[in-house]
Trainee: 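I'd like to ask you about the structure that follows.
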Protein chains: 4
Amino acid sequence: MVRAGIIGSTGYAGAEIARLLIRHKDVEIKWLVSRSFAGQAYEDIYRNLFELIEKECSDISLKEMARSVDVIFTATPQGYLQGELTKDILEDCRIIDMSADYRIKNVEIYEKWYGIEHHSPELLDEAVYGLTEINRDSIKDTRLLANPGCFTTCSILTAYPLMKEHLIDKDGLVINALSGVSGAGRGAKTANLFCEVNESAKAYGVTTHRHTPEIEEQLGYAFGEKVTVQFTPHLIPMHRGIYATETARLKKKCSYEDIKAVYEKYYSKEKFIRLLKKDMCPETRFVEGSNYTDIGFRIDERTGNIILMGALDNLEKGAASQAVQNFNVMFGFPEEEGIDMIPMVP
Amino acid sequence: MVRAGIIGSTGYAGAEIARLLIRHKDVEIKWLVSRSFAGQAYEDIYRNLFELIEKECSDISLKEMARSVDVIFTATPQGYLQGELTKDILEDCRIIDMSADYRIKNVEIYEKWYGIEHHSPELLDEAVYGLTEINRDSIKDTRLLANPGCFTTCSILTAYPLMKEHLIDKDGLVINALSGVSGAGRGAKTANLFCEVNESAKAYGVTTHRHTPEIEEQLGYAFGEKVTVQFTPHLIPMHRGIYATETARLKKKCSYEDIKAVYEKYYSKEKFIRLLKKDMCPETRFVEGSNYTDIGFRIDERTGNIILMGALDNLEKGAASQAVQNFNVMFGFPEEEGIDMIPMVP
Amino acid sequence: MVRAGIIGSTGYAGAEIARLLIRHKDVEIKWLVSRSFAGQAYEDIYRNLFELIEKECSDISLKEMARSVDVIFTATPQGYLQGELTKDILEDCRIIDMSADYRIKNVEIYEKWYGIEHHSPELLDEAVYGLTEINRDSIKDTRLLANPGCFTTCSILTAYPLMKEHLIDKDGLVINALSGVSGAGRGAKTANLFCEVNESAKAYGVTTHRHTPEIEEQLGYAFGEKVTVQFTPHLIPMHRGIYATETARLKKKCSYEDIKAVYEKYYSKEKFIRLLKKDMCPETRFVEGSNYTDIGFRIDERTGNIILMGALDNLEKGAASQAVQNFNVMFGFPEEEGIDMIPMVP
Amino acid sequence: MVRAGIIGSTGYAGAEIARLLIRHKDVEIKWLVSRSFAGQAYEDIYRNLFELIEKECSDISLKEMARSVDVIFTATPQGYLQGELTKDILEDCRIIDMSADYRIKNVEIYEKWYGIEHHSPELLDEAVYGLTEINRDSIKDTRLLANPGCFTTCSILTAYPLMKEHLIDKDGLVINALSGVSGAGRGAKTANLFCEVNESAKAYGVTTHRHTPEIEEQLGYAFGEKVTVQFTPHLIPMHRGIYATETARLKKKCSYEDIKAVYEKYYSKEKFIRLLKKDMCPETRFVEGSNYTDIGFRIDERTGNIILMGALDNLEKGAASQAVQNFNVMFGFPEEEGIDMIPMVP
């Protein structure tokens with residue numbers, strides 16, 4: 001059994017990792033860390049897990065925990081891990097980090113968009129960006145896995161094959177994305193009260209959202225050159241779900257079959273990426289609670305654009321289940337172990 | 001592999017049975033019957049199952065299907081099965097019926113509350129009421145399983161131990177229950193449109209709801225005498241969930257520990273019934289998507305009443321997962337096979 | 001123009017009072033008090049009021065404000081007003097209080113249920129309980145108006161005529177009530193986050209909810225003797241709305257017409273109480289955003305019970321619009337001035 | 001009193017017109033037409049209007065009604081009015097049409113996008129497109145008012161000043177829009193059931209939505225040349241609201257103040273268009289239930305784009321209240337008469 005710890009275990013992403021690991025055949029949860037809830041029974045906080053997990057929340061340090069487990073999932077605020085992590089700790093155990101601390105290779109870009117100093121830039125080199133379907137090979141051996149963001153996973157997977165094949169303009173991509181409210185976390189903020197977000201929609205982080213440089217960096221690797229995107233996220237009243245609608249200019253005339261073939265080239269063997277049938281648009285409900293990313297597209301011959309649409313569950317493929325998927329790759333387990341949930345409708 | 005068919009497979013309960021059986025190790029789905037969708041790919045109707053099920057909907061008759069499968073789940077409107085079922089069909093295969101057709105032993109009561117004639121009263125005797133935790137022994141060998149209703153499962157399980165032990169008045173039970181909208185089915189009715197039910201609450205079926213005689217019959221078996229309840233259901237804006245709040249008069253002074261002991265006497269070994277800690281009230285979100293029933297209670301010394309509260313997922317323990325639980329008992333599989341889901345929060 | 005101030009103006013009830021008063025022909029809002037938002041433009045907090053109100057939040061004291069206005073609405077936490085109010089202040093201006101501080105005549109009961117000491121019991125005598133339709137005459141001349149709670153307004157108005165006429169048992173009333181989330185206020189609490197309350201239902205305050213003694217006191221006045229009720233509130237995922245389902249034992253056999261006549265005796269001239277047609281159940285959406293209370297009932301001849309159902313908007317008739325209705329009575333304006341909104345569907 | 005009739009009065013837009021006209025000082029509702037509900041009391045269908053409107057639904061023809069009223073609101077399916085309307089009818093009364101039948105001047109474009117033949121193209125010339133703030137002068141005298149669509153009103157008002165002033169590219173506009181579910185109407189369709197749309201988001205009508213040519217035509221008038229847009233609508237789980245996020249390429253470097261000045265040039269005197277403060281994004285909840293359109297924008301110096309955001313209520317400014325606003329202009333009443341509602345939060 002692989003021994004695991006979760007830091008930030010009472011946030012929504014941390015709790016989802018815990019829930020998934022309970023059913024993972026090869027994992028034993030050793031530590032559930034939460035500073036605010038230290039000493040409380042975990043099942044009292046997440047009462048869906050009542051009688052399913054007996055641990056209390058603890059306040060053990062990263063360093064100390066590293067010596068008693070094989071892997072640590074850090075579902076912590078931006079800046080926490082890069083301030084604590086050292087090469088010594090990585091000698092003791094492997095890390096799967098849900099924050100952005102090691103996602104962006106360029107320290108300056110990280111510091112500019114996140115507004116905080118990076119305290120362990122020397123570890124950036126060995127960090128692997130955990131978009132499983134794209135980086136599977138390098139994920140296998142890494143000690144430091146930077147698990148991608150929710151908007152970014154969806155935005156990148158949806159556009160990746162077309163960027164890789166240079167079928168769309170590298171600088172005109174307009175990404176409008178929708179997010180469920182769980183993406184905002186479990187912190188007690190007025191802005192996330194039921195009565196503030198229900199029955200409403202709004203854009204936020206316009207021109208400044210931190211997932212922008214992450215998308216640009218990864219799509220840049222795909223294209224082979226610097227890529228610029230206009231990313232505008234919106235908050236809408238649902239628990240879970242990311243929906244990315246990407247408007248791109250086709251560099252040449254393409255048929256439905258042309259585009260389909262390109263998606264299939266990259267994804268036809270991917271269990272967790274489903275290319276929908278012709279003219280079907282993804283819906284977040286059809287991926288909710290699962291590790292799937294559903295992708296559809298439609299060419300507009302009138303305008304010369306192509307509209308790409310991707311949908312995933314922000315807490316699963318956008319966080320927890322992708323983390324477990326990466327864990328499986330890192331530790332040599334079947335990739336779907338523990339994350340093979342079928343979306344539930346309604 | 002047990003060969004199974006589902007009639008009424010495109011309703012919410014039928015689709016949930018299909019979804020559960022896909023992951024059941026010992027079942028092969030042979031037929032997905034739907035008159036309205038015959039010939040259409042099932043994955044096009046329930047696109048959460050895209051790439052997970054390859055069958056088309058068919059229009060095969062009950063009689064014909066019975067010869068090619070071991071078990072048939074009927075998720076059909078009231079009256080369908082009692083009009084079609086015969087002893088011959090039961091010779092061929094076993095039936096798990098989600099409707100009320102064989103739940104009520106007294107034909108007159110059935111005909112009065114449902115307003116339809118019963119065409120196969122001769123089969124009522126062998127039908128077993130499938131409240132798994134209560135009737136497990138007789139479920140094992142039945143050919144005709146009457147799967148309980150959603151409100152009734154919740155209402156009965158919550159009050160059963162106290163009725164059985166004669167701790168509460170047999171005639172004063174006031175059950176107020178809340179239901180998510182999926183209980184109203186997938187039919188295209190104006191009354192169930194998003195804009196008609198969202199942001200609203202209402203009582204319905206007041207004094208006339210058909211789950212009333214079902215609750216009374218089963219609690220009557222528990223008490224040993226005829227029981228009368230006042231059952232008032234409400235529709236509230238959520239997908240899934242039944243919440244039953246039952247106000248009962250305690251026949252004698254009882255302490256928290258007294259009541260707790262009675263619940264534990266009946267349920268402490270039941271995996272899928274969770275008696276909550278002192279003073280905790282169930283919440284439907286903590287059972288959503290699972291086979292659990294969560295139960296809490298509180299004694300009011302001021303009034304001499306006890307308030308019992310139960311919560312379950314109407315499409316799971318209130319329909320599909322209890323059907324599979326009963327299936328497991330009937331066919332000798334581990335009771336939790338295929339239905340051991342952990343509720344997902346949020 | 002009547003000069004008004006609102007203390008606690010940035011909570012949901014306070015903000016609704018502000019919104020109503022903007023459209024009141026005879027009122028000028030002088031002060032919007034909020035300790036936490038002092039100095040901020042009110043339109044930046046409630047951006048629905050953008051360009052409609054130019055005031056900043058201030059931190060002026062009750063005493064000082066009293067000298068510059070004619071009426072103060074206090075939408076403040078329990079205990080605030082009884083700790084601050086004096087006879088001197090009441091010489092300067094009239095008070096309409098949204099809290100429970102002066103609702104309950106018996107100080108011991110207040111202190112027991114609220115768990116706080118009452119610092120101005122000498123003012124209780126002159127306070128008038130502002131259930132407009134019941135106490136209109138004494139409301140006219142009061143200086144201190146105790147505006148009723150949301151559950152209580154709904155529960156009392158629904159049962160009042162039958163209690164008054166001694167048609168139902170005075171001790172067996174079971175009130176199950178549902179509340180939208182705005183009743184929990186605008187405080188930043190994890191429990192009220194969208195992801196904690198959406199898609200769920202739960203009972204709370206079982207046997208201990210503070211509206212219990214308020215309902216009992218008022219129904220006791222109606223009956224002429226002490227009344228006991230079993231009140232169980234539930235939280236459900238909608239913004240606004242109170243739904244009270246009351247199960248009562250009829251003291252003698254009554255027909256639909258008998259009961260209807262009793263309701264009409266008390267309410268037929270009441271604009272804001274609507275007795276629904278036979279067999280119709282109220283729905284909260286049909287009163288949302290308005291000052292209406294909708295009432296329906298159904299007799300169960302089988303059990304000898306009657307089921308009463310009432311619906312109102314917790315922020316309107318359950319708080320703000322009833323406060324303005326009382327204000328109109330107190331200051332001699334037409335009772336519907338400023339609160340004659342038609343519910344909006346959907 | 002102006003005598004009015006509403007055809008299609010039981011759909012959501014028709015019912016909202018009825019609700020607004022009840023409170024309009026100068027209007028008497030003479031006819032509420034609904035083929036499916038003919039003979040039924042209107043208050044039984046829209047029970048929010050219980051005791052507020054006494055009419056029954058009738059099935060009177062357009063032609064006959066025209067002789068007994070001054071104005072007819074047609075909230076009817078596409079194609080109805082252009083199949084029925086004649087010059088004779090327009091001699092009898094004025095028409096305010098909620099459908100697209102007379103919105104698009106070019107018959108070929110109408111027939112192509114709507115897939116139906118136009119039977120009264122000779123009336124297109126005198127029809128006036130009822131975007132009140134833009135076409136106020138020509139609205140005054142028209143007999144045939146084509147009330148704009150919900151997406152179009154929002155999309156056009158948000159981009160109009162910048163298009164008019166040639167500040168953005170005329171062919172690169174990417175409009176991603178979100179709609180509440182009431183836009184899909186009150187028809188009994190499975191796709192609009194609570195359990196199908198709640199907790200989900202999806203794009204629809206991608207590259208084919210019929211509001212595209214309407215937006216292009218009107219923005220073309222503003223720019224003075226043919227304009228092409230890429231319009232992608234999405235359905236999200238809320239009752240009301242349109243949110244348009246428009247990504248445009250700035251033709252030259254502009255400061256915040258430059259853009260603000262352009263918006264103010266066109267809208268500073270418009271009561272119902274609110275230009276938000278710097279860096280504020282609209283939210284649909286802040287306009288819900290009102291005639292307001294809220295607009296915000298943000299320049300992205302990094303990409304050279306500007307992001308424009310508009311929000312309105314699809315049933316109000318996107319349908320009913322704009323229809324009444326146009327009615328007020330046509331009949332010489334104050335523009336805000338009957339539609340001066342303040343958005344309600346929460």
Side-chain angles (χ1 to χ4, degrees), chain C residues 12 15-16 18-23 41 43-53 180-186 198-199 237-240 268 270-277 280-290 292 294 296 311 313-316 320 340-346, chain D residues 12 15-16 18-23 41 43-53 180-186 198-199 237-240 268 270-277 280-290 292 294 296 311 313-316 320 340-346:
Chain C
Y12 291 140
E16 189 61 27
R19 178 177 161 270
L20 294 174
L21 294 184
I22 288 174
R23 282 287 182 270
E43 66 172 13
D44 286 353
I45 304 163
Y46 281 91
R47 282 165 46 197
N48 53 322
L49 305 181
F50 184 58
E51 295 184 353
L52 295 171
I53 195 162
V181 184
S182 61
R186 197 168 179 257
N198 192 40
E199 289 294 305
M238 60 185 192
H239 279 168
R240 289 168 171 237
S268 65
E270 293 298 340
K271 178 189 174 90
F272 290 119
I273 300 184
R274 304 191 294 193
L275 183 66
L276 301 183
K277 295 178 184 175
M280 283 196 172
C281 298
E283 308 188 21
T284 61
R285 63 181 173 138
F286 293 134
V287 295
E288 194 188 339
S290 82
Y292 292 107
D294 280 3
D313 182 324
N314 57 304
L315 289 181
E316 302 294 0
D340 201 11
M341 303 83 73
I342 303 181
M344 186 173 86
V345 169
Chain D
Y12 291 139
E16 189 62 28
R19 178 177 161 271
L20 294 174
L21 294 184
I22 289 172
R23 282 288 181 269
E43 67 173 12
D44 286 354
I45 305 163
Y46 281 91
R47 284 165 46 198
N48 53 322
L49 305 181
F50 184 58
E51 296 184 351
L52 295 172
I53 194 162
V181 184
S182 60
R186 200 170 177 256
N198 191 40
E199 288 296 304
M238 60 183 191
H239 279 169
R240 290 168 170 237
S268 64
E270 293 298 341
K271 177 190 174 86
F272 290 119
I273 300 183
R274 304 191 293 194
L275 183 66
L276 301 183
K277 295 179 183 174
M280 283 197 171
C281 298
E283 308 188 21
T284 62
R285 63 181 173 139
F286 292 133
V287 294
E288 194 187 338
S290 82
Y292 292 107
D294 279 2
D313 182 323
N314 57 304
L315 289 181
E316 302 296 359
D340 201 10
M341 303 84 71
I342 302 181
M344 187 172 85
V345 169

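These figures come from a predicted structure and were not determined experimentally. All chains are named by letter (A, B, ...) in the order of the sequence lines, taking the proteins before the strands, and each is independently numbered beginning at 1.
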Trainee: Ignoring hydrogens, what is the shortest heavy-atom contact between R47(D) and L276(C)? Give both atom names and the distance.
Mentor: NH2-CD1, 3.8 Å
Trainee: Contact part of I22(D) toward chain C, heavy-atom cut-off under 4.5 Å: side chain, backbone, both or neither?
Mentor: side chain
Trainee: Pick from E16(C), R186(C), H239(C): which one has the most heavy-atom pairs with chain D under 4.5 Å?
Mentor: H239(C)
Trainee: Which atoms of L20(C) come close to chain D, meaning under 4.5 Å heavy atom to heavy atom: side chain ones, backbone ones, both, or neither?
Mentor: neither
Trainee: Is I342(C) in contact with chain D via its backbone, its side chain, both, or neither, using a 4.5 Å heavy-atom distance?
Mentor: both
Trainee: Identify the heavy atoms of V345(D) and R240(C) that sit nearest to each other, and give their distance.
Mentor: O-NH2, 4.1 Å
Trainee: Is it the side chain or the backbone of L315(C) that comes within 4.5 Å of chain D heavy atoms, both, or neither?
Mentor: side chain
Trainee: Contact part of D340(C) toward chain D, heavy-atom cut-off under 4.5 Å: side chain, backbone, both or neither?
Mentor: both
Trainee: Please list, chain by chain and in numerical order, all residues satisfying side chain to side chain contact (heavy atoms under 4.5 Å, CB included) with E270(D), sequence neighbours excluded.
Mentor: E133(D), R136(D), Y267(D), I273(D)
Trainee: Looking at E283(C), R19(C), E51(C), E288(C), which has the largest count of heavy-atom pairs under 4.5 Å with chain D?
Mentor: R19(C)
Trainee: Measure the shortest side-chain to side-chain distance between E199(D) and N198(C) over non-hydrogen atoms and say whether it is less than 4.5 angstrom.
Mentor: yes
Trainee: Taking only residues two or more places apart in sequence, or in another chain, which ones meet Y292(D) in a ring pair (Phe, Tyr, Trp, His ring centres under 6.0 Å)?
Mentor: F272(D)
Trainee: Looking at K271(D), M344(D), M341(D), which has the largest count of heavy-atom pairs under 4.5 Å with chain C?
Mentor: M344(D)
Trainee: For N48(C) and R274(D), which heavy atoms make the closest approach, and how far apart are they?
Mentor: O-NH1, 3.0 Å
Trainee: Salt bridge check: are D44(D) and K277(C) linked by an N-O gap of less than 4.0 Å?
Mentor: yes
